[in-house]
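Not measured: the values here are computed from a predicted model.
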Amino acid sequence: MHTLGIVLVLLVAALHAYILVLEMFLWRTDRGRRAFGTNQAFADQSATLAANQGLYNGFLAAGLVWGALAADPVGFQVRVFFLGCVIVAGVYGALTVNRRILVVQAAPAIVALAVVLLAG
């Protein structure tokens, strides 16, 4: 169960690393605009804000990787903290931006957190 928890944490980290790439580097491209349902004008106007969001997603990914690699009890505490951060961000995004964020961002973190807690 512990190994499954680590794998799920790393998958959530990979998701947030991908979001970093989308928001920081691909925001103005066709791929970035499709992912977020924006048009070129909006993408051009909001690129700096998107890059900032991408950086925050990168911090989430880094924290999750740290939690996956750190020895317990610190690793466990870091995993729980950063998965909690992802869940809060996902719920807030779902309430304020798009409900799809709940499924894409929060749900995987909720599953990972449940496994981490059961294994801990």
Side-chain angles (χ1 to χ4, degrees):
M1 187 73 107
H2 180 266
T3 302
L4 177 60
I6 297 297
V7 168
L8 292 174
V9 167
L10 290 172
L11 287 173
V12 173
L15 171 64
H16 284 274
Y18 178 63
I19 294 170
L20 173 147
V21 171
L22 283 173
E23 291 177 339
M24 291 190 81
F25 305 110
L26 302 177
W27 185 254
R28 294 179 182 182
T29 68
D30 288 340
R31 175 68 192 113
R33 290 194 320 275
R34 270 194 318 274
F36 296 99
T38 62
N39 60 39
Q40 189 66 54
F42 179 82
D44 290 341
Q45 290 177 331
S46 61
T48 302
L49 293 172
N52 189 324
Q53 288 177 187
L55 185 61
Y56 283 98
N57 277 290
F59 290 139
L60 290 173
L64 291 165
V65 170
W66 172 31
L69 298 177
D72 290 336
V74 171
F76 174 80
Q77 294 164 344
V78 171
R79 290 189 296 274
V80 170
F81 174 78
F82 278 95
L83 287 169
C85 290
V86 170
I87 293 165
V88 170
V91 169
Y92 184 78
L95 292 172
T96 60
V97 179
N98 187 324
R99 283 185 287 218
R100 184 174 67 126
I101 295 171
L102 191 63
V103 173
V104 172
Q105 185 175 342
I110 291 168
V111 170
L113 181 60
V115 172
V116 165
L117 290 173
L118 287 172

Output all residues satisfying side-chain contact (heavy atoms from CB on, under 4.5 Å) with N52, sequence neighbours left out; order by chain, then residue number.
Y56
Quick one: do F25 and L55 end up in the same hydrophobic cluster if we chain Ile, Leu, Val, Met, Phe, Trp and Tyr together by side-chain heavy atoms under 4.5 Å apart?
yes
F81-V86 co-clustered via ILVMFWY side chain contacts under 4.5 Å:
yes
When you group the ILVMFWY residues by side-chain heavy-atom contacts below 4.5 Å and let the links chain together, are L60 and L102 in the same group?
yes
Residues that V80 engages under side-chain contact (heavy atoms from CB on, under 4.5 Å), provided they are two or more places apart
F76, L113, V116, L117
Listed partners of L95 passing side-chain contact (heavy atoms from CB on, under 4.5 Å), at least two apart:
V91
Given the rule that I, L, V, M, F, W and Y join up when any side-chain heavy atoms are under 4.5 Å apart, are M24 and F59 in one cluster?
yes
Between V97 and V103, is there shared hydrophobic-cluster membership here, with clusters defined by ILVMFWY side-chain heavy atoms closer than 4.5 Å?
no
What's the shortest heavy-atom distance between G67 and R79, and which atoms?
O-NH1, 2.7 Å
Any residue meeting salt bridge (Lys or Arg N to Asp or Glu O under 4.0 Å) with R28, in chain and number order, not counting sequence neighbours
D44
Just how far is it from atom CG of L26 to atom CZ of R33, taken to the nearest 0.5 Å?
11.0 Å
Enumerate donor-acceptor pairs with a distance under 3.5 Å from any side-chain N or O in residues 4-23 to protein atoms, sequence neighbours excluded.
residue: H16; atom: ND1; partner: N57; partner atom: OD1; Å: 2.7
residue: Y18; atom: OH; partner: R31; partner atom: NE; Å: 3.1
residue: Y18; atom: OH; partner: R31; partner atom: NH2; Å: 2.7
residue: E23; atom: OE1; partner: G54; partner atom: N; Å: 2.9
residue: E23; atom: OE1; partner: N57; partner atom: ND2; Å: 3.0
residue: E23; atom: OE2; partner: Q53; partner atom: NE2; Å: 3.4

Residues passing the side-chain contact (heavy atoms from CB on, under 4.5 Å) test with F42, sequence neighbours excluded, are W27, T38, N39, S46
If I take atom CD1 from residue I110 and atom CD from residue Q105, how far apart are they, to the nearest 0.5 angstrom?
10.5 Å
